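Every value quoted in this text rests on a predicted model; they were computed, and no experiment measured them. The chain is numbered in sequence order, starting from 1.
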Amino acid sequence: MTLSTGILLTIALAPLAGALLAGLLGRQIGRAGAHTVTIAGVALSCVLSFYVLWQLVWGGAPTYNANLYTWFQIGPINASVGFLVDHLTALMMVVVTFVSLMVHVYTVGYMADDDGYQRFFAYIALFTFSMLMLVMSNNFMQLFFGWEAVGLVSYLLIGFWYKRPTAIYANLKAFLVNRVGDFGFVLGIAAVLYFLGTLDYAQAFAHAPALVGKGLGVDGHVWPAATVICVLLFIGAMGKSAQVPLHIWLPDSMEGPTPISALIHAATMVTAGIFMVARMSPLFELSNTALSFVLVIGATTALFTGLIGIVQNDIKRVIAYSTLSQLGYMTVALGVSAYSAAIFHLMTHAFFKALLFLGAGSVIMAMHHEQDMRYMGGLRKYMPITWLTMWVGSLALCGIPPFAGFYSKDAIIEAVADSQRWGSGYAYVCVLAGVFVTATYTFRLMYLTFHGRERFTVKAHHGHAAQDGHDHHEPGVLAHPPHESPWVVTLPLVLLAIPSLLVGALTVRPMLFGNFFAGAISAAPGGVLATMATRFHGVLGYTLDGFLGAPFWVAVAGILATSYVYLVNPALAGRIAGSLGWFYRLLCNKFYLDEVFYAVFARGGLRLGRAFWRAGDEGLIDGAVVNGSASLVERIAGTARALQSGFLYHYAFAMIIGLIVLLAGYVLVGHA
């Protein structure tokens, strides 16, 4: 059985149809109509995506690769709209649509009182369409269209509460930082076209071996073509997948509503870079230099952004820095050619991180939009469903067997330990230390939020309406006691908790040690996953071995230390912070990277702009071109005006002088 073009078009276009109806006819169809059409469109895409995955994996359907429409053709070069649907694509389609569906349902409850209700549903459905176009593309041009489309919609979503200055600052920051990454991405695509002469995936991958021996000369040095292409493409991934130093936009993007955090910054857009590198594995396998670059960047991100998460007090920002750290783990897996492990962790992380973000949103609703964990505590008795499901997500995040994160995260750590690639030693230290860090910030979040004494008071008061439509008031003072969220919020939490618990054990064998990806991912034979497969003796044995591995005991150490500090001796946390001195301040200031970017790029850009303004605008354009030409005309006119005196003897004198000049010229020329 072959996949139907009509089904694939429906998967891609159903969310777009919902977005257009909610966005253009929002007033006519109302709030209920807006969420109905968008949820229906995404639900249809989700059901059909599961069907496509079933047909590919169990139904024997071949890979679908076809062009549906030609944008342009210039000689042998063409750009088309087409779909490449193989096992990798089908898995991404399921993850994107399922998480998006949960977010759509959740949004009905979370955004119930917001004035921009219809607009929000239009945006998130449009985002789903953009992400599907990205993962389903069969060529670089369409990939770039989806890449930029998700960036555009994320800009709109981060700044959804556009009357908030902080939201506008955050979406502008995300937009500008991603332009840096996208500049490298465009150059990488151009390099592919230059060296391989095509934008089509299949043709580019087929011709990839021809890159060996080719180079690009820069300042007298010849760089291998494969290295140039892969490094440039990965710079694009550094922006979208928020890798150091282009990670600074993601924590600030928490200014948008919580459903956005789950949809964009946990499960879909930020994983676009991971998916892209895995898709481009035939190219990356040609350059060990590029893979080492990927490995070191990922390892640095995994450890150091996790450390920042330990000192955050905003519940959403803790989870945001956790996302950065986990994206670092995925990038590390790519760097050691364990592409399957990276995609496996991408999938498991999508479920439990979306669960944690949505759970945080449920807490924020109960706390009347208070996000500071220092004013929470003791919420488990008020919110039992949120508390229980967030524990599932937290244990999955920490990699505790048998939760989903254990199977994917430990596989990455083991793959790095087996790797001989340059930088793998540094990466192993980072990812193993990152396990302790992950356990620390995760359990700190759970203890400060749900356990210990209540650090809030319930007192009737009159808040003032904020620009985002929510009431803001004195921190730690609530008008009403916290309570569990409505079913449209808790149902997605339960549905996300199920795969966060089970999906790792159910899929570890085919994804890591089987042939699940069936050629969709390329890796050199005998790589780290092949070595790991020789030690795999079934899911139960793999799980039991996890209790003996170093990552588990490092996680336990982090859990025990955090439990003692926040449950037994809470005063110790302040003393530890004080004793760390400069290092604690370094973490609180996020390694001062924001300040560096402001000083070098923002202020440097302002100074450069002022220089161009003074020299170019005022000096050249206004001074020389506009004012200078006007002054020249004025001087010429003044001279000409002086010659037109109106006296007859002046004109007679001028005629005599002119006649003398003509005669002199005639005599001189004739004499010559």
**Asked** Think Arg509 forms a cation-pi with Phe536, using NZ or CZ under 6.0 Å from the six-ring centre and within 45 degrees of its axis?
**Response**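 Relative to the ring axis of Phe536, which defines the angle, Arg509 lies outside at least one limit.
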
**Request:** Using the six-membered ring of Phe175, assess whether NZ or CZ of Arg179 lies under 6.0 Å from its centre and within 45 degrees of the ring axis.
**Result:**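 Yes, a cation-pi geometry holds between Arg179 and Phe175.
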
**Item:** Side-chain heavy atoms of His345 within contact of Ile274, under 4.5 Å
**Value:** no

**Asked** So, do Met254 and Phe357 sit near enough that their side-chain heavy atoms are less than 4.5 Å apart?
**Response**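 Yes, side chains in contact.
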
**Item:** Working for side chain to side chain contact (heavy atoms under 4.5 Å, CB included), residues Val85 and Met93
**Value:** CA-CA 9 Å; Val85 181; Met93 289 162 57; 4.2 Å; yes

Roughly how far apart are [X] [atom1] and [Y] [atom2], rounded to 0.5 Å?
| X | Y | atom1 | atom2 | value |
| --- | --- | --- | --- | --- |
| Ile158 | Asp252 | CD1 | CG | 9.5 Å |
| Asp86 | Met92 | CG | CE | 11.5 Å |
| Gln142 | Ser137 | CD | OG | 5.0 Å |
| Trp249 | Ser154 | CH2 | OG | 6.0 Å |
| Leu152 | Leu126 | CG | CG | 7.5 Å |
| Thr5 | Phe83 | OG1 | CZ | 8.5 Å |

**Request:** Decide yes or no on ring-ring contact (aromatic ring centres under 6.0 Å, His included) for Phe121 and Tyr117, but give the supporting numbers first.
**Result:** CA-CA 7 Å; Phe121 273 99; Tyr117 191 82; 4.9 Å; yes

Classify the ring geometry of [X] against [Y]: parallel below 30°, tilted from 30° to 60°, perpendicular beyond 60°.
| X | Y | answer |
| --- | --- | --- |
| Phe406 | Tyr542 | tilted |
| Phe145 | Phe129 | perpendicular |
| Phe140 | Phe205 | perpendicular |

**Request:** Walk me through it: do Thr331 and Gln243 pass the test side-chain hydrogen bond (donor to acceptor under 3.5 Å, both in side chains)?
**Result:** CA-CA 9 Å; Thr331 304; Gln243 297 295 290; 3.2 Å; yes

**Asked** Are Phe234 and Phe284 close enough that their ring centres sit under 6.0 Å apart?
**Response**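 No, ring centres 6.0 Å or more apart.
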
**Prompt:** Does the gap between the ring centers of Phe344 and Tyr407 come in under 6.0 Å?
**Reply:** no

Distance-only, no hydrogens or angles: does the [X] side chain make a donor-acceptor pair with backbone N or O of [Y] under 3.5 Å?
| X | Y | value |
| --- | --- | --- |
| Glu484 | Ile385 | yes |
| Tyr321 | Pro251 | no |
| Thr89 | Leu84 | yes |
| Arg31 | Ala112 | yes |
| Gln118 | Arg27 | no |
| Thr258 | Gly361 | no |
| Tyr110 | Pro259 | no |

**Request:** Test Leu263 against Met269 for side chain to side chain contact (heavy atoms under 4.5 Å, CB included), laying out the working first.
**Result:** CA-CA 8 Å; Leu263 180 62; Met269 189 186 98; over 6 Å; no

Minimum heavy-atom separation for [X] to [Y], with atom names?
| X | Y | value |
| --- | --- | --- |
| Ala202 | Asn65 | CB-ND2, 3.8 Å |
| Ala302 | Ser325 | O-OG, 2.5 Å |
| Leu134 | Ala272 | CD1-CB, 3.9 Å |
| Met280 | Tyr201 | CE-CE2, 3.5 Å |

**Message:** Quick one, Thr198 with Asp200, criterion side-chain hydrogen bond (donor to acceptor under 3.5 Å, both in side chains). Give me CA distance, side-chain angles, the key distance, then yes/no.
**Reply:** CA-CA 6 Å; Thr198 181; Asp200 183 81; 5.3 Å; no

**Message:** Show, in sequence, the C-alpha distance, side-chain angles and deciding distance for Ile235 and Phe183, and conclude whether the side chain to side chain contact (heavy atoms under 4.5 Å, CB included) test is met.
**Reply:** CA-CA 8 Å; Ile235 290 173; Phe183 180 66; over 6 Å; no

**Message:** Side chains of Ser80 and Asn78: any donor to acceptor distance under 3.5 Å?
**Reply:**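 Asn78 vs Ser80: donor-acceptor pair found between side chains.
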
**Message:** Taking ring pair (Phe, Tyr, Trp, His ring centres under 6.0 Å) as the criterion, tell me which of Trp58, Trp54, Phe516 meets it with His87.
**Reply:** Phe516

**Request:** Would you indicate whether Trp71, at its atom CH2, is surrounded by more than 12 heavy atoms from other residues, nucleotides or ligands within a distance under 6.0 Å?
**Result:**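 Counting other residues, nucleotides and ligands, CH2 of Trp71 exceeds 12 neighbours.
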
**Request:** Report the C-alpha distance between Thr97 and Leu48 in whole Å, list the side-chain angles of each, state the deciding distance to 0.1 Å, and finish with yes or no for side chain to side chain contact (heavy atoms under 4.5 Å, CB included).
**Result:** CA-CA 10 Å; Thr97 55; Leu48 292 178; over 6 Å; no

